[in-house]
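Down below is the structure, laid out as structure tokens.
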2 protein chains.
Amino acid sequence: MKLYFNRWKVLLMQFSKSTGYALHAIIHLARAERGHHVGIKELAALLGVSESYLSKIMSKLRQDGIVRAMTGASGGYELAKSAKLITFFDVIQVVEGRQTMYECFNMDSLQHQLFFESEAQASDPSEHHEGQNCECLVKKVMDGAEQQMVHYLQQHTIQGVLDSAASKKCTK
Amino acid sequence: MKLYFNRWKVLLMQFSKSTGYALHAIIHLARAERGHHVGIKELAALLGVSESYLSKIMSKLRQDGIVRAMTGASGGYELAKSAKLITFFDVIQVVEGRQTMYECFNMDSLQHQLFFESEAQASDPSEHHEGQNCECLVKKVMDGAEQQMVHYLQQHTIQGVLDSAASKKCTK
DNA sequence: ATCTTTATGGACCTATAATATCCATAATAG
DNA sequence: CTATTATGGATATTATAGGTCCATAAAGAT
Ligand code: SF4
Ligand code: SF4
């Protein structure tokens with residue numbers, strides 16, 4: 001029972017499950033008391049994911065300075081800095097990477113060259129991407145869209161979510 | 001030569017190449033004269049992609065009312081509406097789908113329930129997602145971020161890019 | 001010192017989405 | 001009727017997401 005192109009199971013352009021795991025793990029750490037280490041066992045059980053897999057994600061978070069880890073008995077993870085200083089973007093970036101969301105698929109394509117034909121006679125086409133003053137508008141719009149999202153994610157911290165949750169209390 | 005987890009080739013959260021193809025194809029159609037049909041051969045050659053593959057994408061664009069198609073000799077594609085009325089979002093949505101970018105990975109997880117523990121004693125947990133007034137803040141931030149991007153993409157039309165390209169002329 | 005607990009990182013595996021090709025069929029102009 | 005062009009089904013290929021297993025290292029407890 002495979003799904004074919006016309007019935008395309010379009011799932012693209014989604015955050016990975018790993019991002020969800022990372023966010024929820026961080027939030028749990030933020031709720032723990034200062035100085036207390038939370039083990040991978042506890043985290044994995046909480047999120048309903050295997051310890052092996054989650055440990056890979058936690059390890060990346062450690063390498064990026066979001067959390068601290070300690071081995072040995074009564075070891076585990078804790079936040080490396082205040083939850084006020086950890087934005088959604090920080091966490092997401094660790095898992096999803098740092099490339100731009102839209103990459104030009106073919107700079108050698110005929111159309112790409114046509115896009116710069118206006119005054120491409122004088123200089124060589126590849127040079128046009130260096131200077132900031134002469135950028136392709138397609139790419140510009142796509143990058144602009146990404147920036148909108150990034151900016152929003154940079155403005156929302158883990159602490160912010162905790163605070164709102166505490167104060168709001170789901171007013172029904 | 002495989003890449004392993006620690007060297008994760010993080011490419012996630014990117015627009016697909018298909019989106020690039022779709023956008024560039026639409027732009028080419030917008031530049032063509034009114035009433036003229038552009039064949040898949042021309043488009044595929046222009047973008048440097050196979051005719052078979054591009055035709056799938058064009059077919060989806062047709063189903064969504066972005067372009068019109070005509071079979072037979074001197075057939076091909078043309079825009080179904082003015083380029084002023086086609087936003088980046090319209091095109092992207094066809095290829096990338098319509099789901100939200102962040103999907104909750106596990107509503108049965110212990111943490112999800114903890115998040116709603118505040119007043120979850122009275123009613124059942126699954127009901128909390130129905131009402132708009134009591135939404136999870138993690139999900140809310142993620143959806144908010146998506147909305148920022150979507151809104152931006154909805155404000156930029158294909159015609160807008162063509163106009164800017166014509167007027168600006170890469171002022172060096 | 002030795003044992004136990006816990007994180008780390010390498011190698012491997014599997015499922016699925018993204019990308020691509022081939023071909024039979026339908027529709028249209030001339 | 002014929003040449004041309006889009007359509008859609010079936011299939012193949014490749015890359016990535018998602019997940020497992022195990023040997024090793026580090027740190028606390030005995
Ligand atoms: S988006 Fe612009 S710069 Fe990128 S390939 Fe297309 S025409 Fe070239
Ligand atoms: S993001 Fe919120 S609603 Fe979604 S699974 Fe996590 S706690 Fe539940």
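The analysis underlying the following values was restricted to heavy atoms, covering all of them including side chains, and did not include hydrogens, waters or symmetry mates. To find a chain, count down the sequence lines: A is the first, B the second, and so on, and within it residues start at 1.
One can place CG of B/Leu61 at 14 Å from C1' of D/dT7, the figure rounded to the nearest angstrom. Between A/Gln63 atom CD and C/dA7 atom P there is a gap of 15 Å when expressed in whole angstrom units. Rounded to an integer number of Å, the gap from OH of B/Tyr53 to P of D/dG8 is 16 Å. Nucleotide D/dG19 holds its P atom 13 Å from the CD1 atom of A/Ile40, rounded to whole Å. The nearest whole Å value for the distance from the CD atom in A/Glu103 to the C1' atom in C/dA18 is 16 Å. One can place NE2 of A/His37 at 12 Å from C1' of D/dG28, the figure rounded to the nearest angstrom. Here C/dA17 presents its C1' atom at 14 Å from NZ of A/Lys17, a figure rounded to the nearest Å. A/Arg62 places its CZ atom 12 Å from the P atom of C/dA7, with the value rounded to the nearest Å.
When the shell of 6.0 Å around NZ of B/Lys81 is examined, it contains more than 12 heavy atoms from other residues, nucleotides or ligands.
The nearest heavy atom of DNA chain C to B/Met70 and to B/Val49 marks one nucleotide each, and the one closer to the 5' end goes with B/Val49. Looking at which nucleotide of DNA chain D each of B/Lys41 and A/Ala73 is closest to, the 5′-most match is held by B/Lys41.
B/Thr71 has no side-chain polar atom (N or O) that falls below the 4.0 Å cut-off from OP1 or OP2 of C/dA26. Here B/Tyr21 reaches the OP1 or OP2 of C/dA20: one of its side-chain N or O atoms lies under 4.0 Å away. Proximity of B/Ser50 to the phosphate of C/dT21: a side-chain N or O atom is located under 4.0 Å from OP1 or OP2. Regarding contacts with the backbone of D/dT16, every side-chain N or O of B/Gln14 stays at 4.0 angstrom or more from both OP1 and OP2.
Separation of atoms CG (A/Leu23) and CZ (A/Phe88) is listed at 5.5 Å; rounding is to 0.5 Å.
When distances run from any side-chain atom of A/Lys56 to the nucleotides C/dG9, C/dA7, D/dT7, the shortest one goes to C/dG9. When distances are taken from the side chain of A/Ser16 to each of C/dA7, D/dG18, C/dG9, the shortest belongs to D/dG18. Comparing D/dA6, C/dT8, D/dG8 by their closest approach to the side chain of A/Ser59 singles out C/dT8. Here the nucleotide nearest the side chain of B/Ser74, chosen from D/dT7, D/dT20, C/dA29, is C/dA29.
Using a distance-only test at 3.5 Å, with no hydrogens or angles considered, no donor-acceptor pair links the side chain of A/Gln154 to the main chain of A/Thr87. Using a distance-only test at 3.5 Å, with no hydrogens or angles considered, a donor-acceptor pair links the side chain of B/Lys139 to the main chain of B/Tyr102. Of the possible donor and acceptor atoms, one in the side chain of B/Glu146 sits under 3.5 Å from a partner among the backbone N and O of B/Met101.
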